[in-house]
There are 2 protein chains.
Amino acid sequence: MSADPALRREIPDATVARLPEYLRTLSRLAEDGVLSVSSEELAAEVGVRSAQLRKDLSHLGSYGVRGVGYDVETLALEISRALGLTEDWPVAIVGMGNLGHALASYSGFVTKGFRIVGLYDDDPALVGERVVGVVIRPLAELTAHHAVDPIAIGVIATPAPAAQAVCDALVGAGISSILNFAPAVLSVPDGVDVRRVDLSTELQILAFHAQRKSLAAGHLRSAVAAP
Amino acid sequence: MSADPALRREIPDATVARLPEYLRTLSRLAEDGVLSVSSEELAAEVGVRSAQLRKDLSHLGSYGVRGVGYDVETLALEISRALGLTEDWPVAIVGMGNLGHALASYSGFVTKGFRIVGLYDDDPALVGERVVGVVIRPLAELTAHHAVDPIAIGVIATPAPAAQAVCDALVGAGISSILNFAPAVLSVPDGVDVRRVDLSTELQILAFHAQRKSLAAGHLRSAVAAP
DNA sequence: AGACGTTTGTGAACCCATGCACAAAGTTGA
DNA sequence: TCAACTTTGTGCATGGGTTCACAAACGTCT
């Protein structure tokens, strides 16, 4: 029987989405030599309510000490474990244009838990180029590569029209975790996880709120001008 | 009195987050010459339930025709209006490393509603370089630039340690919508919107689910081996 | 050893979001 | 003109997530 609540219980999606932020903050605190934090302090640092933080952490198990707080190192380790970052995840990036290059050389990549093992692009001008020590290869070689040196996560950094074909190739090779930067909705079979990161969606959401603010200001002015 | 429900009512955040996807799909359909869609068809295309789509759209007003569906062009226009994309939003990017370059030349940027009016970096090696027709300038010039040619949205593409200082500069200049690509939590005064896009958070969430899948497979195997 | 102050972990209440199911409203065809 | 069919818009129930508030648990100090 597994004694680890992280394995027994289901951790809510909303909690999982916050765990990386907790982990990042704990790592920073550890670097600063902080040994222990209360839920109040950590929550303030991360920008959430302390009750939420405690409830989130309770899903992993009981790693706090009442009257004291949480041991920074221990908690960081437990969150790492829950997220599966105690092992390294091999990542492949498909599409080595501007974005692909930026992602490959992104420092956050190498820091913890992730390792780039493959870079792919079908543009002959890019094939053969070496980025962060990995050679760019044509997409057709992905399946063979995956068979020898398994890839856990595929990152799609191609233009939107190519995204579905690339996705099919990744899924066909047996990769079941995909991070999609292309502005396209991917259809995948059950059991495959896709997360999308989309710049223009985020900009549009900001535009909505910006518009709301400027409209509110406008109403304020007209209310003053003609009440 | 305003007759537009988009201005009267509050649109839920969850709905706002989906509107860009609806808009993107509608634009694609319009390009393909499709004139009308039912909620069922559009929902299938986007990957949501039709009831959710209808409820989302109902927050903007009543633009469908019962027994027929939605006029593609009209609906796209109304969503654009709701999001505030009928006008162009001037955007500035701070931090012109790999990511900044990738963002500046990202096609999705120019497509609709957004226009890059400023690129900033304090690295002397980058200042003066021209990207997509805009010259990179030192951050110190931002306030003066904003006073002459207002910036609506600031994008932070710097390393994490610089992010808060850059954010303070943006807010100080009077910019109240910020898109943050740095893995750092920004503290801002009330009235300033910050959205964060973080690669490593997304990867970690994928890792969590990948781990869950591989653990499930492991349990399955051990259940078969020792029932 | 025992009382006091602090902080966790969690039951319970609230709030928002999703999904169902159907009446209202429109179109089409006879 | 009227009946049959289609699809929207929405009231209602359900479920998750967030927040409150407090008892239980721990360290500390006398």
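Per chain, numbering begins at 1; letters A, B, ... match sequence-line order. These values consider heavy atoms only, across backbone and side chains, with no hydrogens, waters or symmetry-generated copies.
- In this entry the distance linking CD of A:Glu41 with C1' of C:dT7 reads 11 Å, nearest Å.
- Side-chain contact between B:Leu199 and A:Phe181 is present, with at least one heavy-atom pair separated by less than 4.5 Å.
- Taking five base pairs at each end of the helix from C:dA1-D:dT30 to C:dA30-D:dT1, the local helix axes there meet at an angle of 0°, rounded to 10°.
- Comparing D:dT7, C:dA17, C:dG9 against the side chain of A:Ser58 picks out C:dG9 as the nearest.
- Annotation: the span from B:Ser176 atom OG to B:Ile151 atom CD1 amounts to 12.0 Å, rounded to 0.5 Å.
- The nearest heavy atom of DNA chain C to A:Gly67 and to A:Ala51 marks one nucleotide each, and the one closer to the 5' end goes with A:Gly67.
- For the atom pair CD1 (B:Ile79) and OG1 (B:Thr86), the distance works out to 13.0 Å, reported to the nearest 0.5 Å.
- In this structure, CG in B:Leu53 is found 11.0 Å from CD in B:Glu41, a value given to the nearest 0.5 Å.
- Side-chain atoms of A:Asp168 and A:Gln164 form a donor-acceptor pair, as typed in the model, at a separation below 3.5 Å.
- Taking side-chain N and O atoms only, B:Ser38 has no distance below 4.0 Å to OP1 or OP2 of D:dT7.
- The separation between A:Glu40 atom CD and C:dT6 atom P is 13 Å, rounded to whole Å.
- Looking at which nucleotide of DNA chain D each of A:Arg54 and A:Val68 is closest to, the 5′-most match is held by A:Arg54.
- Residues A:Leu26 and A:Val72 form a side-chain contact, since some pair of their non-hydrogen atoms from C-beta on lies under 4.5 Å apart.
- For A:Tyr63 and C:dT7, the shortest distance from a side-chain N or O to OP1 or OP2 is not below 4.0 Å.
- Between B:Asp71 atom CG and D:dT7 atom P the separation is 16 Å, expressed in whole Å.
- If you measure from atom CD1 of B:Ile11 to atom C1' of C:dC16, you get 16 Å, rounded to the nearest angstrom.
- For B:Tyr70, taking side-chain heavy atoms from C-beta onward, the closest of the listed nucleotides C:dT18, D:dG9, C:dG26 is D:dG9.
- Looking at B:Lys55, its side chain has no donor and acceptor atom pair within 3.5 Å of the base of D:dT10.
- The nucleotide whose nearest atom lies closest to any side-chain atom of A:Pro12 is, among D:dT8, C:dT8, D:dG17, D:dG17.
- Rounding to whole angstrom units, CG of residue A:Leu60 and P of C:dT10 are separated by 12 Å.
- Note on A:Ser39: every side-chain N or O is 4.0 Å or more away from OP1 and OP2 of C:dT7.
- Contact check for A:Leu85 versus B:Phe208: no side-chain heavy atoms found under the 4.5 Å cut-off.
- Distance CD (A:Gln52) to P (C:dC15): 16 Å, rounded to an integer number of Å.
- Residue B:Arg18 places its side chain closer to C:dT18 than to any other of C:dG9, C:dA17, C:dT18.
- Residue-to-nucleotide contacts include a donor-acceptor pair under 3.5 Å from the side chain of B:Arg66 to the base of D:dT8.
- Separating the NE2 atom of A:His59 from the C1' atom of C:dG11 is a distance of 13 Å, rounded to the nearest angstrom.
- Residue A:Ser62 places at least one side-chain N or O under 4.0 Å from the OP1 or OP2 atom of C:dG9.
- No more than 12 heavy-atom neighbours from other residues, nucleotides or ligands sit within 6.0 angstrom of CZ on B:Arg49.
- In this structure, CG of A:Leu57 is placed 13 Å from C1' of C:dT7, rounded to the nearest angstrom.
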